[in-house]
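Below is one structure, written out as structure tokens, with a few remarks after it.
Keep in mind that what you see is a predicted model, and the values were worked out from it rather than measured.
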Amino acid sequence: MEKVNLNPAQATSYFWVNRIKGKVRELTSKQGFITFNERDFYLVFNEYAAEDYRHLYLELTKLIEDDVNKYQKNKQGYFYQDTALGMHERLNEELSFISRKEVPDIRLASNDSKDIVIYTNNSKALRWYKSSGVRYLSTTYEPNYLLTGNEQFLDFYNLLLATIVLISENCPDLANTPKLKETFCNVYHKYNPNIEDIEKKFDYTFNQIALDEIIAGYSYQKDYISTYQDIDLNGLGYYYPLAKEIVDQINKEKIVYKLKNISFK
């Protein structure tokens with residue numbers, strides 16, 4: 001697939017949206033106590049589905065572009081924000097404006113990493129790791145729904161994720177990647193006969209789900225392990241009926257194989 005090239009403001013917005021998503025996941029699984037601010041931060045974003053994060057990315061990009069233009073107009077060099085507590089006030093203001101909810105100040109770096117500062121102007125975006133040096137912020141990515149808004153990709157992603165969820169909840173012994181791929185692609189093709197390269201779409205999407213840390217395992221491996229959290233299920237309700245048909249078909253085929261004394265694993 002053709003890669004997506006971002007300008008500095010888009011790359012900066014993409015970084016912050018992914019950091020917010022990562023922080024929400026971290027707070028979901030965090031053991032022990034969390035602060036009141038962390039709880040309130042979580043409550044702002046915990047019901048966000050993919051469409052909400054796409055909206056956040058688009059709106060935040062516009063506001064960052066305005067920030068960069070103001071800084072450069074005043075010859076202040078880079079617009080920058082820091083993941084450290086108390087060092088991203090402007091970002092908090094912008095997130096509050098977009099979400100229409102007050103976003104409290106929390107540390108946005110993951111618990112196991114040093115803080116990061118993002119510097120942005122009209123020509124480049126830089127990332128300063130406080131534990132090391134300054135590097136360019138990546139501006140080239142594999143396509144995904146957050147960056148492209150491609151509804152077909154989102155539908156495929158959500159259906160595959162809903163199928164993985166139903167397998168995990170009802171018959172985890174069916175978590176076999178080749179069999180999931182075969183049956184998923186067959187059922188999907190039945191309802192979408194004009195879609196080409198379904199197996200390639202499966203591989204790409206399955207690996208995207210792995211990169212999103214919702215499963216452990218890639219399309220070339222025999223098995224995978226589900227690692228999703230409740231927040232990953234936002235927006236999946238529409239997809240469960242067809243996902244159930246896929247899972248039922250996998251289960252039915254496995255029973256037939258068992259009767260022939262053959263196992264998928």
Side-chain angles (χ1 to χ4, degrees), residues 1-4 6 10-30 41-42 44-58 60-61 83 108-113 116 127 137-169 172 175-177 180-181 184-185 188 198-221 223-240 243 246:
M1 292 188 180
E2 187 175 347
K3 293 185 181 294
V4 178
L6 307 180
Q10 290 171 328
T12 300
S13 177
Y14 189 56
F15 170 85
W16 287 118
V17 172
N18 278 311
R19 191 78 298 281
I20 291 162
K21 290 176 67 177
K23 198 65 184 181
V24 173
R25 287 183 63 82
E26 184 179 273
L27 292 173
T28 302
S29 60
K30 192 172 182 180
F41 180 93
Y42 171 82
V44 172
F45 299 106
N46 72 309
E47 295 184 354
Y48 268 37
E51 295 90 341
D52 301 304
Y53 279 114
R54 167 74 176 164
H55 174 73
L56 181 63
Y57 163 73
L58 293 174
L60 186 58
T61 297
T83 60
L108 292 177
S110 59
N111 288 337
D112 59 354
S113 70
I116 301 170
R127 177 188 343 212
L137 188 64
S138 179
T139 56
T140 303
Y141 294 93
E142 297 290 340
N144 57 48
Y145 174 76
L146 180 58
L147 292 177
T148 67
N150 186 312
E151 296 287 345
Q152 187 182 100
F153 178 87
L154 179 62
D155 283 341
F156 200 96
Y157 183 105
N158 282 346
L159 178 59
L160 180 53
L161 178 53
T163 304
I164 290 170
V165 169
L166 290 185
I167 289 174
S168 177
E169 291 181 350
N176 174 274
T177 309
L180 170 61
K181 177 178 179 178
F184 182 94
C185 291
Y188 190 86
I198 293 178
E199 291 190 353
K200 288 183 180 179
K201 291 180 188 297
F202 177 94
D203 289 342
Y204 185 85
T205 306
F206 190 90
N207 293 335
Q208 283 287 315
I209 293 173
L211 290 173
D212 289 338
E213 300 181 352
I214 297 174
I215 57 174
Y218 290 92
S219 62
Y220 56 84
Q221 296 174 311
D223 300 304
Y224 65 90
I225 298 172
S226 297
T227 57
Y228 62 85
Q229 300 177 356
D230 286 346
I231 58 170
D232 299 317
L233 311 186
N234 294 339
L236 293 188
Y238 171 81
Y239 299 90
Y240 285 129
I246 296 168

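Under a 3.5 Å cut-off, the side chain of Thr227 and the backbone N or O of Ile214 do form a donor-acceptor pair. A side-chain donor-acceptor contact under 3.5 Å links Asp232 to the backbone of Gln229. A donor-acceptor pair under 3.5 Å links the side-chain atoms of Asn144 to the main chain of Leu146, judged by distance alone. At distances below 3.5 Å, not a single donor-acceptor pair connects side-chain atoms of Thr61 with backbone N or O atoms of Gln10. A donor-acceptor pair under 3.5 Å links the side-chain atoms of Thr28 to the main chain of Val24, judged by distance alone. In this structure, Tyr224 contributes its side chain and Gln221 its backbone to no donor-acceptor pair below 3.5 Å. Of the possible polar contacts, none joining the Ser219 side chain to the Asn207 backbone as a donor-acceptor pair under 3.5 Å is found.
Inter-residue side-chain proximity for Asn150 and Tyr157 is flagged as unmet; no heavy-atom pair is nearer than 4.5 Å. Looking at Leu211 and Tyr218, their side chains come closer than 4.5 Å, going by heavy atoms from C-beta outward. The shortest side-chain heavy-atom distance between Leu6 and Phe15 does not fall under the 4.5 Å cut-off. The shortest side-chain heavy-atom distance between Lys23 and Phe45 does not fall under the 4.5 Å cut-off.
Residue Tyr240 holds its OH atom at 13.0 Å from CD1 of Ile246, rounded to the nearest 0.5 Å. Once rounded to the nearest 0.5 Å, the distance linking OG of Ser168 with CD1 of Ile225 reads 10.5 Å. In this structure, CZ in Arg127 is found 10.0 Å from OG1 in Thr12, a value given to the nearest 0.5 Å.
Qualifying ring-ring contact (aromatic ring centres under 6.0 Å, His included) partners for Phe156, counting only residues two or more places apart in sequence or in other chains: Phe184, Tyr188. Every residue two or more places apart in sequence or in another chain was checked for a side-chain hydrogen bond (donor to acceptor under 3.5 Å, both in side chains) with Thr205, and none qualifies. Shown here are the side-chain hydrogen bond (donor to acceptor under 3.5 Å, both in side chains) partners of Lys3, two or more places apart in sequence or in another chain: Glu142. Tyr42 pairs by the side-chain hydrogen bond (donor to acceptor under 3.5 Å, both in side chains) definition with nothing, not counting sequence neighbours. By the side-chain contact (heavy atoms from CB on, under 4.5 Å) test, Ser110 pairs with Arg19, Glu26, Asp112, Ser113, sequence neighbours left out.
Residue pairs meeting the side-chain hydrogen bond (donor to acceptor under 3.5 Å, both in side chains) criterion with at least one partner in residues 44-56, sequence neighbours excluded, do not occur; the list is empty.
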